[in-house]
Amino acid sequence: MAVTKRALITGITGQDGSYLAELLLAKGYEVHGIVRRSSTMNRSRIDHLEHASPGDQHAARLVLHYGDMTDSGGLNRLVMTAEPDEIYNLAAQSHVHISFDQPEYTGNADGLGTTRLLEAIRSTRLPTRFYQASTSEMFGLTPPPQNELSPFHPRSPYAVAKLYAHWITINYREAHGLFACSGILFNHESPRRGENFVTRKVTRGVAAILAGRATNLRLGNLDARRDWGHARDYVEAMWLMLQQQTPDDYVIATGVQRSIRQLAELAFGLGGLDWEKYVEVDRAYFRPAEVPDLCGDPAKARSKLGWRPKIAFPDMIREMLESDLVALGVRPADVLRAPSASRRADR
């Protein structure tokens with residue numbers, strides 16, 4: 001009888017954590033998740049897993065623990081209690097603009113929090129494999145395309161904290177022999193994306209306009225260009241990294257770049273609207289230090305992991321827009337144009 005693998009996910013209530021939990025449960029893992037204690041419940045993304053019916057095999061294999069990335073003692077106890085085969089560190093203060101307002105907390109949770117987990121693995125001497133969620137924001141002003149050998153030039157407290165976490169992961173791999181990997185993930189979205197991220201801001205804004213609840217949408221720098229993929233595809237890459245014979249770091253991206261202007265044009269176009277009639281540029285949404293161009297080169301992930309994105313960008317934006325319309329009580333079929341033929345994810 002096959003031994004059940006056990007995984008520990010920090011940030012399980014977030015977009016990536018919820019998709020990763022689904023993936024691992026489907027593969028037969030026992031999944032332990034860390035959630036922060038707060039006065040309000042924020043588990044909507046994993047409600048369908050946490051409150052599965054008694055006969056659902058997933059229900060018995062999902063275990064949630066209270067914890068915090070700023071509490072080294074608590075993290076040590078959780079690692080010793082769960083004894084995970086794999087740890088996926090997805091917890092972070094992940095909003096770039098907010099990191100300028102909360103730089104100390106961002107550094108503590110995102111940077112030192114990673115060190116606390118790595119030290120927990122080292123001190124317990126468990127043969128745990130570790131995944132660190134790095135970010136394309138670490139590249140900052142480095143011209144695209146960016147790959148694993150591109151220099152870093154972080155432009156926000158969030159990116160700086162993540163760069164520390166990235167290098168401390170490499171250090172524990174080289175100094176202590178830990179199986180520790182970093183996934184340098186470019187922007188990845190879904191209907192579960194936080195509402196203060198630009199993709200959800202756009203799809204929620206379009207949905208509100210189509211529902212007659214808003215008349216305009218305020219955005220920041222329309223010329224910023226990003227490489228956007230789907231979170232469901234990207235969590236598969238996380239898992240693949242920890243299944244390899246040797247630990248390494250990988251850029252995960254689509255290799256296709258689009259501007260926020262193009263994002264708005266597509267989303268409004270799905271509803272038959274001219275985006276220029278509704279979008280207003282608001283300087284309040286500009287970053288103190290802009291990152292103009294991010295576009296990843298996923299050649300290494302393709303060749304060594306066999307990973308490729310499956311969900312096309314237009315299909316992802318449609319999925320997000322449909323979800324936001326349903327949340328407003330609007331049938332997507334009543335207001336959206338019919339989808340075109342299927343598209344390749346790399347177009």
Side-chain angles (χ1 to χ4, degrees), residues 14-15 92-107 109-110 135-146 152-163 185-229 253 256-271 273-296 313-314 316-317 320-321 324-325 327-328:
Q15 169 188 252
Q93 190 301 102
S94 59
H95 196 274
V96 173
H97 205 289
I98 292 173
S99 75
F100 285 98
D101 297 324
Q102 295 186 308
E104 182 179 347
Y105 173 75
T106 301
D110 299 10
T135 171
S136 60
E137 288 287 334
M138 300 186 308
F139 291 119
L141 287 181
T142 301
Q146 295 103 354
F152 298 117
H153 189 151
R155 296 271 284 172
S156 67
Y158 166 70
V160 172
K162 280 290 191 175
L163 185 56
L185 271 58
F186 281 65
N187 296 65
H188 45 289
E189 321 298 320
S190 76
R192 300 179 191 175
R193 188 58 145 154
E195 295 178 359
N196 54 354
F197 289 85
V198 69
T199 47
R200 273 300 304 285
K201 187 174 181 181
V202 168
T203 58
R204 287 182 72 242
V206 174
I209 290 169
L210 290 171
R213 301 191 185 186
T215 58
N216 66 346
L217 172 63
R218 292 184 174 185
L219 297 174
N221 182 10
L222 299 180
D223 295 319
R225 290 173 289 276
R226 295 292 183 267
D227 181 333
W228 280 297
V256 179
Q257 186 183 65
R258 295 175 176 87
S259 68
I260 293 175
R261 180 179 283 102
Q262 289 173 301
L263 163 65
E265 182 179 9
L266 171 63
F268 277 94
L270 289 171
L273 302 176
D274 180 355
W275 71 275
E276 292 182 294
K277 295 180 179 179
Y278 299 93
V279 172
E280 297 179 7
V281 174
D282 189 337
R283 296 291 306 183
Y285 295 116
F286 280 61
R287 298 181 184 181
E290 286 285 341
V291 174
D293 286 291
L294 292 175
C295 186
F313 179 76
M316 177 182 73
I317 298 302
M320 294 171 67
L321 183 52
D324 286 326
L325 284 167
L328 293 175

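Any value given below was found using the heavy atoms of this structure, including those in side chains, with hydrogens, waters and symmetry copies removed. What you see is a predicted model; the values in this text were computed from it and never measured. Along the sequence shown, the residues carry numbers beginning at 1.
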Kindly compute the distance separating [atom1] ([X]) from [atom2] ([Y]), expressed to the nearest 0.5 Å.
| X | Y | atom1 | atom2 | value |
| --- | --- | --- | --- | --- |
| R193 | Q15 | CZ | CD | 5.0 Å |
| L185 | T135 | CG | OG1 | 8.0 Å |
| R226 | R258 | CZ | CZ | 14.5 Å |
| L217 | W275 | CG | CH2 | 10.5 Å |
| K201 | D324 | NZ | CG | 14.0 Å |
| L222 | Y285 | CG | OH | 13.0 Å |

Output a table of donor-acceptor pairs, distance under 3.5 Å, between side-chain atoms of residues 96-103 and any protein atom two or more places apart or on a different chain; print 'none' if there are none.
| residue | atom | partner | partner atom | Å |
| --- | --- | --- | --- | --- |
| H97 | NE2 | F286 | O | 3.4 |
| S99 | OG | V96 | O | 2.6 |
| S99 | OG | Y158 | N | 3.1 |

Could you name each residue pair satisfying salt bridge (Lys or Arg N to Asp or Glu O under 4.0 Å) that touches residues 209-220, not counting sequence neighbours?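 Those involving residues 209-220 are R218-E280, R218-D282.
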For [Y], does its backbone N or O pair with a side-chain atom of [X] as donor and acceptor, under 3.5 Å?
| X | Y | result |
| --- | --- | --- |
| H188 | F186 | yes |
| D110 | Q93 | yes |
| Q146 | C295 | yes |

Side-chain contact test, heavy atoms from C-beta onward, threshold under 4.5 Å: evaluate it for [X] versus [Y] and give yes or no.
| X | Y | result |
| --- | --- | --- |
| S190 | T199 | no |
| P144 | F139 | no |
| L273 | L210 | yes |
| I317 | W228 | no |
| E189 | M320 | yes |
| F313 | L263 | yes |
| D223 | R261 | yes |
| L328 | R204 | no |

Sidechain N-carboxylate O distance under 4.0 Å for D293, R225: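 R225 and D293: salt-bridged.
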Holding to side-chain hydrogen bond (donor to acceptor under 3.5 Å, both in side chains), I want the full list of residues that pass it with S156, two or more places apart in sequence or in another chain.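 side-chain hydrogen bond (donor to acceptor under 3.5 Å, both in side chains) list for S156, sorted by chain: empty.
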Looking only at heavy atoms, what is the nearest atom pair of P292 and L141, with distance?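 Shortest heavy-atom separation between P292 and L141 comes out as CD-CD2, 3.9 Å.
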